[in-house]
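Only one structure is covered here, and it is reproduced in the block below.
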Amino acid sequence: MSGGGEKGSATTKTPGDFLKSIRGRPVVVKLNSGVDYRGILACLDGYMNIAMEQTEEYVNGQLKNKYGDAFIRGNNVLYISTSKRTLADGA
């Protein structure tokens, strides 16, 4: 009865693979408080501590602040998503 499904298929991606693949790309980081940070993912560690560049802070969908670099402690992070918009808004 064995021999059906094989583990380790070439199309299997882990969350770690996803996080490695989005480094250097635009992301949205949502915090437990509901605040969004949008910018370029510079790096992150195993505790989900995040370093971002060209960071914008959004509260209730409204742009509140712009930061050159930002560091977010991992225990505040609800999720990380790839951003579908460009960061060149031209303000």
Side-chain angles (χ1 to χ4, degrees):
M1 287 224 178
S2 65
E6 288 185 5
K7 278 191 163 184
S9 141
T11 59
T12 303
K13 268 193 151 182
T14 65
D17 293 336
F18 168 73
L19 293 172
K20 287 176 190 168
S21 73
I22 63 171
R23 239 196 200 147
R25 293 180 51 200
V27 296
V28 176
V29 177
K30 179 95 166 182
L31 303 188
N32 295 326
S33 65
V35 176
D36 288 355
Y37 288 90
R38 301 175 189 179
I40 307 296
L41 180 66
C43 63
L44 72 155
D45 64 12
Y47 295 102
M48 293 288 279
N49 294 319
I50 299 169
M52 297 175 69
E53 299 170 341
Q54 302 172 33
T55 310
E56 298 174 338
E57 178 183 45
Y58 288 83
V59 179
N60 297 324
Q62 299 280 335
L63 177 63
K64 291 294 179 187
N65 244 324
K66 289 187 178 187
Y67 307 102
D69 296 330
F71 181 80
I72 301 170
R73 186 174 168 161
N75 67 336
N76 295 313
V77 176
L78 183 62
Y79 67 78
I80 302 173
S81 172
T82 55
S83 177
K84 291 179 176 58
R85 68 172 192 86
T86 63
L87 293 173
D89 280 85

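Any value given below was found using the heavy atoms of this structure, including those in side chains, with hydrogens, waters and symmetry copies removed.
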message = Please list all pairs meeting salt bridge (Lys or Arg N to Asp or Glu O under 4.0 Å) that have one or both residues in residues 22-36, counting only residues at least two apart or in different chains.
response = Lys30-Asp36, Asp36-Arg38
same_hphob_cluster(Leu31, Val28) at 4.5 Å side-chain heavy-atom cutoff = no
query = Taking everything shown except Asn32 itself, do over 12 heavy atoms lie less than 6.0 Å from its CG?
reply = yes
query = Which heavy atom in Met52 sits nearest to a heavy atom in Gly39, and how many Å separate them?
reply = CE-N, 3.3 Å
inquiry  = Just to verify, what does Tyr67 make a side chain to side chain contact (heavy atoms under 4.5 Å, CB included) with, not counting sequence neighbours?
reply    = Tyr37, Thr55, Glu57, Asn65
Thr14: partners by side-chain hydrogen bond (donor to acceptor under 3.5 Å, both in side chains), with sequence neighbours left out = Asp17
note = Joining Ile, Leu, Val, Met, Phe, Trp and Tyr whenever any side-chain heavy atoms lie under 4.5 Å apart, the cluster holding Tyr79 also takes in Leu78
query = Considering only heavy atoms from C-beta outward, does the side chain of Pro26 approach that of Gln54 to under 4.5 Å?
reply = no
4.5 Å side-chain heavy-atom contact, Met48 and Ile80 = yes
request  = Return the set of residues passing side chain to side chain contact (heavy atoms under 4.5 Å, CB included) with Asp69 (not counting sequence neighbours), or none when no residue passes.
outcome  = Glu53
request  = Not counting sequence neighbours, which residues clear side chain to side chain contact (heavy atoms under 4.5 Å, CB included) with Asp45? List them please.
outcome  = Tyr47, Asn49
ask   = Looking only at heavy atoms, what is the nearest atom pair of Leu41 and Ile50, with distance?
value = CD1-CG2, 3.6 Å
Transitive ILVMFWY cluster of Phe71, excluding itself - 4.5 Å side-chain cut-off = none
task = Report the C-alpha separation of Val27 and Ile40 in whole Å, then their side-chain angles, then the decisive distance to 0.1 Å, and conclude whether the side chain to side chain contact (heavy atoms under 4.5 Å, CB included) test is met.
result = CA-CA 6 Å; Val27 296; Ile40 307 296; over 6 Å; no
key: Separation of Lys64 NZ from Glu56 CD (nearest 0.5 Å)   = 14.0 Å
task = For Asn75, check side-chain hydrogen bond (donor to acceptor under 3.5 Å, both in side chains) against everything at least two apart and list the hits.
result = Arg73
